[in-house]
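What follows is a single structure, written as structure tokens, with notes after it.
Computation of the quantities below employed the complete heavy-atom set of this structure, encompassing side-chain atoms and omitting hydrogens, waters and symmetry-equivalent molecules. Counting starts at 1 for both ligands and their atoms, in listed order. We count residues from 1, following the sequence as given.
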Amino acid sequence: MDVDKTVDEYYQQILKRNPGEPEFHQAAQEILSSLKYVLRKDDHYADEGLIQRLAEPERQIIFRVPWIDDQGNVRVNRGFRVQFNSVLGPYKGGLRFHPSVNLGIIKFLGFEQIFKNSLTGLPIGGGKGGSDFDPKGKSEHEVMRFCQSFMLELQRHIGEDIDVPAGDIGVGGREIGYLFGQYRRITGRHESGVLTGKGLTWGGSLVRTEATGYGVVYFMQEMMASNKERLHGAKVIVSGSGNVAIYAIEKAQELGATVVAFSDSSGYVSTPEGVDVELLKDVKEVRRGRVSDYANETDKATFHEKGNIWEVKADVALPCATQNELGEEDAKMLADNGCKYVAEGANMPCTPEAIDVFNTRHTLFAPGKAANAGGVATSALEMQQNASRDSWSFNYTDQRLRDTMHNIFRACNDTANEYEVPGDYVVGANIAGFKKVADAMLAQGVI
Ligand code: NDP
């Protein structure tokens, strides 16, 4: 088999069948370039239309979400749920509410989710959803009415054994609460396993809020340890200031690092002496403010309006905001400034060109599907607790998260070594995630 030609044909088919979806093309191309290594050794993974089936979602749902704003105007948004692959378990993946949401973005996220969920070692398939609704500037009642209208349609398609959504950008504990309440009201069932990220008194799990950010830092510890280095004493940049970023900052500082900058879409804040995490949580989680508010309330921080966070000097960078936020020039700047480690807290925040720079400059790089898998893994632990009507302690759940991140790191590292690309965690993660899904798909037949 001419592997390069075959893989290129797969990619051309994906481009043709999915026009106008650049983020999905980008995610597919990254997986396909890693699969070349697999097909060179085991070309049976090209049998039974496996790759074509993998690239085609099992189901894509697009729906109207009408709601009424506080002035009495009718507003119309679009809702999405892409149920990509359920070979390993019920579809699992977050909901994103952001004005940039479209089908291509949900498909890229759903596709990545298949491999990420496989890497966790837990029985969960891949899916993703959301809406182009923008929660920013909306009142509590507008957010609630929107969530209720969104769930009125979504409830037809989800269930604890079918599809289990969670949060993502713009969807946190508040939105999950409104969504769960409406699901319970429509179905008349207290089906706790239908959503994750719930409140602690009604089926939520300890550590779920912290899990993605903590998990990224645990993964970074493993990467540094493999190079005989420690996070303790390191300078760290974390982009974003949402759920993932806040808990990455908290854990990095607990482990003795200094977080010297964080950001939102308006600019970044430099904090040479470290971040006051309690102040940050108060500004962002309680008051739903901006990072400039944080800088206004302490004399140990400076706000750089529209500034580029990647210009800050650091040993470690954790991009935790959104896709394609770190490009080629940013990667060069990081490497020139001595940054040796990058792990993606967000999904696909680094462009392919940036990743090429990291490879040539020997900056060790971890892709999101491995480094940020702690969030979905802990969601799966929430499902386990719901199924057994139990709730676990913080320490036990945190230890499960640490073990999961350790195992994911080992899988990426060992697979990269097996395919003779040591330290290439992109190839390691893609192949380790792919093989489990592919073996299950081949075993279950052409469906
Ligand atoms: P949040 O909504 O809590 O926070 C998002 C943060 O990113 C905000 O600070 C936001 O700033 C910033 N941001 C969003 N869009 C942009 C943009 N275009 N440019 C610059 N900054 C931007 O989301 P999460 O923290 O939950 O998610 C962040 C990333 O992590 C996403 O890629 C998500 O898919 C990924 N992820 C999340 C998981 C989770 O458990 N929550 C699990 C795994 C991955 P602003 O307020 O100005 O928009």
- [ ] Enumerate the atoms of ligand 1 whose separation from the nearest heavy atom of C320 is less than 4.0 angstrom.
- [x] 28 (C), 29 (C)

Open item on the list: When you compare the side chain of H25 with that of Y11, does any pair of heavy atoms fall below 4.5 Å?
Closed with: yes

TODO: Could you tell me if any non-hydrogen atom of R96 lies under 4.0 Å from any atom of ligand 1?
DONE: yes

TODO: Please report which non-hydrogen protein atom sits nearest to atom 32 (O) of ligand 1, along with the residue it belongs to and the distance in Å to one decimal place.
DONE: N347 N, 3.1 Å

Task: Pairing of E112 and K128 as salt bridge, 4.0 angstrom limit - done: no

Open item on the list: Tell me the protein heavy atom at minimum distance from atom 46 (O) of ligand 1, and give that distance in Å.
Closed with: R290 NH1, 3.2 Å

- [ ] Going by heavy-atom distance to atom 13 (N) of ligand 1, choose the closest among A321, G374, G368.
- [x] A321

TODO: May I ask whether G172 places a heavy atom under 4.0 Å from ligand 1?
DONE: no

- [ ] Provide, to 0.1 Å, the distance between atom 3 (O) of ligand 1 and the closest protein heavy atom, together with that atom's residue and name.
- [x] N243 N, 2.9 Å

TODO: State whether R75 and E142 are salt-bridged, where the test is any N-O pair (Lys NZ or Arg NE/NH1/NH2 against Asp/Glu carboxylate O) under 4.0 Å.
DONE: no

Open item on the list: On a heavy-atom basis, I'd like to know which of G170, G375, A166, S265 is closest to atom 2 (O) of ligand 1.
Closed with: G170

Task: Atom of I114, atom of L54 and distance for their closest heavy-atom approach - done: CD1-O, 4.4 Å

Open item on the list: Looking at non-hydrogen atoms alone, which of D168, T196, T212 comes nearest to atom 26 (O) of ligand 1?
Closed with: D168

Task: Heavy-atom pair of closest approach, residues G127 and Q113 - done: O-CG, 3.7 Å

- [ ] Find out whether I237 and S239 are in side-chain contact, i.e. whether some heavy atom of one side chain is under 4.5 Å from a heavy atom of the other.
- [x] no

TODO: Do me a favour and list the nearest non-hydrogen protein atom to atom 14 (C) of ligand 1 with residue, atom name and distance?
DONE: T322 CB, 4.2 Å

Task: G197 versus R208, closest heavy-atom pair with distance - done: CA-CG, 4.0 Å

- [ ] Output, in order, the C-alpha distance, side-chain angles, deciding distance and verdict of side chain to side chain donor-acceptor pair (under 3.5 Å) for H98 and S100.
- [x] CA-CA 5 Å; H98 192 271; S100 64; 2.8 Å; yes

Task: Atom indices of ligand 1 within 4.0 angstrom of G240 heavy atoms, with elements - done: 9 (O)

TODO: Please confirm whether E112 comes under 4.0 Å of ligand 1, counting heavy atoms of the residue only.
DONE: no

TODO: Determine, counting only non-hydrogen atoms of the protein, whether one lies under 4.0 angstrom from atom 10 (C) of ligand 1.
DONE: no

Open item on the list: For atom 6 (C) of ligand 1, what's the nearest protein heavy-atom neighbour? Residue, atom name and distance, please.
Closed with: G242 N, 3.9 Å

- [ ] Provide the number and element of each atom of ligand 1 under 4.0 Å from a heavy atom of R208.
- [x] 40 (O)

Task: Min N/O separation S241 to ligand 1 under 3.5 Å - done: yes

Open item on the list: Could you identify the single nearest non-hydrogen protein atom to atom 27 (O) of ligand 1 and state the distance to 0.1 Å?
Closed with: I169 CG1, 3.6 Å

Open item on the list: Check for me whether the distance between the ring centres of Y294 and F303 falls short of 6.0 Å.
Closed with: no

- [ ] Among all protein heavy atoms, pick the one closest to atom 48 (O) of ligand 1 and tell me residue, atom and distance.
- [x] K136 NZ, 3.0 Å

Open item on the list: Cation-pi check for F133 against K138: NZ or CZ below 6.0 Å from the six-membered ring centre and within 45 degrees of the axis, yes or no?
Closed with: yes

Task: Close aromatic pair by centroid cut-off 6.0 Å: F111 and F84 - done: yes

TODO: Of all the heavy-atom pairs spanning M224 and L231, show the shortest one and how long it is.
DONE: SD-CD1, 3.7 Å

- [ ] Using distance alone, determine whether V244 and ligand 1 share an N or O pair under 3.5 Å.
- [x] yes

- [ ] Output the list of atoms in ligand 1 that are nearer than 4.0 Å to some heavy atom of G345, sorted by atom number.
- [x] 30 (O), 35 (C), 44 (C)

